[in-house]
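Structure first, commentary second.
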There are 2 protein chains.
Amino acid sequence: MPDELSPRGRELVAAARVLLEAEGPEGLSMRRLAERVGVTAPSVYKHLPDKAALEHAVISDAFAEMAVAFAAAVDGAGDRLGALATAYRRFASAHPHLYRLMTTRPLDRGRLRAGVEAAAAAPLVAAVGGDADAARAAWAFAHGMAILEIDGRFPPDADLDAAWARGIAAFRPGAA
Amino acid sequence: MPDELSPRGRELVAAARVLLEAEGPEGLSMRRLAERVGVTAPSVYKHLPDKAALEHAVISDAFAEMAVAFAAAVDGAGDRLGALATAYRRFASAHPHLYRLMTTRPLDRGRLRAGVEAAAAAPLVAAVGGDADAARAAWAFAHGMAILEIDGRFPPDADLDAAWARGIAAFRPGAA
DNA sequence: GTCTATACCCGGATAGAC
DNA sequence: GTCTATCCGGGTATAGAC
């Protein structure tokens, strides 16, 4: 389980988030982070054991944010799956580098804050009617759309709104 | 357009593919590639202008292989979409590092061999009945499933066969 | 077309003084 | 808890001799 952080540790994690969102995962180095906060690189190691701990702290915060955003999106919505898809796509396109860090590498769940990943996933499971297989398929669809869009993999003239709509329709409870 | 390669250039690209598949994109460096082929690192630059050219040559070969595999999979199949999904999943899990190189970064299409990407995509467009939006949605689903599986993002007890089946059903012509 | 040598970046992380 | 100094590794790429 991740240790509690000192105030300086929190400051470092917050600065890492800003640096990540500005420059991408490659730009997030211990040296550059230290520079931003105004300390030297070795000092960072007094607050965080290593770089993986830093990354997992950023990811944990992001999952917690996602959980809040997704819960708000489905709250009172008639089309819960559609509302969720919109919120998912919005999060990914608003925070592309963060989204990439969260999703495109193997995740050491033991280093995340407990429960944050499940909290982010819960609204989707509910929106597809509790079917775990459908939830995983829908997540794969949403992740595929989001990451291919971030990476510019679709042709420039592709109608991505239409592709999203086609996929959402496919996973509504009762469909297929 | 990519230049033609010398025999040594072809040897380097083939060795890069082997190195990539064995050790992942991080293990593919010009130094290590040269070592494998039995030359020094600077010699590589006599045959390939830079690392991006090497990567794009590997990716072009892989798309061409995909196109052959996908065409064979749909040939004579009753359930073309199902056959294609099986072939797609098989390619990704048989060549995870190669698949990651092909799909998880922005792609400079001008450095690929002309037509290879379209050839790999064509069977899917046909299998969903020519609907481009459905084809993109189905591709996003398949890519999401493949890459999340490669990255170990699903829970260990998840029934991925069932999730694949649920998604495939969603994108069959006429569904949703 | 190959080599040696090297320039010039970057990274994570540690030792030990203060 | 901060610093300076360093160790270790990695990488792409070029110059110039043969």
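Residue numbering restarts at 1 for every chain, and letters A, B, ... go by the order of the sequence lines. Everything numeric in this text was worked out from a predicted model, so none of it was measured.
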Output the rounded distance in Å from [atom1] ([X]) to [atom2] ([N]).
X	N	atom1	atom2	answer
B:Leu12	D:dT12	CG	P	13 Å
B:Tyr45	C:dA7	OH	C1'	13 Å
A:Leu54	C:dG11	CG	P	14 Å
B:Arg31	C:dC10	CZ	C1'	12 Å
A:Lys51	C:dG11	NZ	P	8 Å
A:Leu48	C:dA13	CG	P	11 Å
A:Glu35	D:dT4	CD	P	13 Å
A:Glu26	D:dT12	CD	P	15 Å

If you only use heavy atoms from C-beta on, which nucleotide in [options] is closest to the side chain of [X]?
X	options	value
B:Ser29	D:dT12, D:dC3, D:dA13	D:dT12
B:Asp50	C:dA5, D:dA13, C:dG1	D:dA13
B:His47	D:dG1, D:dT14, C:dG1	C:dG1
A:Thr40	C:dC3, D:dT2, D:dT4	D:dT4
B:Met30	D:dT12, D:dT4, D:dA15	D:dT12
A:Arg32	C:dT2, C:dG11, C:dT4	C:dG11

Could you check if a side-chain atom of A:Leu148 sits within less than 4.5 angstrom of a side-chain atom of B:Trp139, using non-hydrogen atoms only?
yes
Of A:Gly27 and B:Ser6, whose closest DNA chain C nucleotide lies nearer the 5' terminus?
B:Ser6
With clusters defined by side-chain heavy atoms of hydrophobic residues (ILVMFWY) lying less than 4.5 Å apart, directly or transitively, does A:Leu160 cluster with B:Val125?
no
Please confirm whether the ring centroid of B:His56 lies under 6.0 Å from the ring centroid of B:Phe63.
no
Side-chain N,O (B:Ser43) to OP1/OP2 (C:dG1) below 4.0 Å
no
Do other residues, nucleotides or ligands put more than 12 heavy atoms under 6.0 Å from A:Arg90 CZ?
no
Regarding D:dG1, can its base be found pairing with the side chain of A:Arg8 as donor and acceptor, where the two atoms are less than 3.5 Å apart?
no
Do the ring planes of A:Phe141 and A:Trp164 sit parallel (below 30°), tilted (30 to 60°) or perpendicular (above 60°)?
perpendicular
